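To start, the structure itself, in structure tokens.
Predicted model only: the values in this text are computed from it and were never measured. Worth knowing before you read on, the calculation uses all heavy atoms, side chains too, and leaves out hydrogens, waters and symmetry mates. Note that ligands are numbered from 1 as they come in the structure, with each ligand's atoms numbered from 1 the same way.
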Amino acid sequence: MKIVSFKTCPFVQRVTALLEAKHVPYDVEYIDLSKKPTWFLEASPNGQVPILITDDDQVLFESDAIVEYLDETTGDPITANDPVKKAQDRAWSYLASKHYLPQCSAQRSPDEQTLEEGRTTLGTAFAKIESRLGEGPYLDGDILGMVDIAWLPLLHRAAIIERYTDFDFLGAFPKVKRWQEAILATGIAEKSVAGDFESRFTAFYLADTTYLGQLAKKQSGTACCGPTECREEDLACCA
Ligand SMILES: N[C@@H](CCC(=O)N[C@@H](CS)C(=O)NCC(=O)O)C(=O)O
């Protein structure tokens, strides 16, 4: 099977993280979203990544639908059997995915006030999942589930931002912090992205034009990798 991807897309990462968690092999084809190829526009009804092309050439789109399909058709399902738990897990997953784009926007904030507004928006979601988290290490104990996978892109990106800038979207949420550590310790986050993910991600979100970029510059004393390496229009996924 093949995932059609854009390197910094969180919706793609949710799909690839599930495949990594289930040890399922897959191919990835990266496209330039600023110059979508004709074959992609013909295949993708919403013109967005991810799409999944199955081994018998069926095209699936929308990351929610793709992860459900993949969980049903590969390895042992990690989706709950009980209909109530399954519906609850879907809803907690939706709380994550509906914050992917707000996180992208917050990371591109041009000034401190905009970044703080973004932190507040994301904070409402993190506060809700904080109240849902138990002893851990994962949301439902020892077994990594669909909800953990849905939150992984948010937690992974927050960790990178914190490492470069000391700015922490999760600072007010101790259980979410422990959960972030546990999920990152699985190695799935790194495996689910391209080898140059971090340099592309920092080039775009820690560019000189963003407030986080200025924080990163202060922390390191040097400019971050900027759009001289990666053309900004190639990276403009969630702007
Ligand atoms: N609802 C979609 C959202 C996917 C999405 O927003 N993908 C972005 C990249 S992160 C995209 O393809 N943007 C290009 C466009 O909208 O034209 C899903 O869950 O798959």
Could you go step by step and tell me if Asn46 and Ser44 meet the side chain to side chain donor-acceptor pair (under 3.5 Å) rule? CA-CA 6 Å; Asn46 61 6; Ser44 170; 3.1 Å; yes

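- The N/O atoms of Glu62, backbone and side chain alike, include one that comes under 3.5 Å of an N/O atom in ligand 1.
- In summary, Lys86 and Asp82 do not engage in a salt bridge, as defined by a charged side-chain N under 4.0 Å from a carboxylate O.
- For the residues Val49, Leu60, Leu41, the heavy atom positioned nearest atom 4 (C) of ligand 1 is part of Val49.
- Under the rule for a ring pair (Phe, Tyr, Trp, His ring centres under 6.0 Å), the partners of Phe167 that lie at least two apart in sequence or sit in another chain are Phe169.
- The closest approach between any non-hydrogen atom of Lys36 and ligand 1 is below 4.0 Å.
- Ring planes of Tyr100 and Phe11: perpendicular class, angle over 60° (limits at 30 and 60°).
- Residue contacts with ligand 1: Gln48 is placed with a nitrogen or oxygen under 3.5 Å of a nitrogen or oxygen of the ligand (distance criterion only).
- Contact analysis puts Phe11 in contact with ligand 1, with a non-hydrogen atom separation below 4.0 angstrom.
- Residue contacts with ligand 1: Cys9 is placed with no nitrogen or oxygen under 3.5 Å of a nitrogen or oxygen of the ligand (distance criterion only).
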Taking only distance into account, with no hydrogens and no angle test, what donor-acceptor pairs under 3.5 Å do side-chain atoms of residues 178-185 form with protein atoms, sequence neighbours excluded?
{"residue": "Trp179", "atom": "NE1", "partner": "Asp148", "partner atom": "OD1", "Å": "2.7"}
{"residue": "Gln180", "atom": "OE1", "partner": "Lys177", "partner atom": "NZ", "Å": "2.9"}
{"residue": "Gln180", "atom": "NE2", "partner": "Leu155", "partner atom": "O", "Å": "3.0"}

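- Close approach to Pro50 involves these atoms of ligand 1, each under 4.0 Å from a residue heavy atom: 20 (O).
- Contact check on Lys2 versus Asp55 returns no salt bridge, with no Lys/Arg side-chain nitrogen under 4.0 Å from an Asp/Glu carboxylate oxygen.
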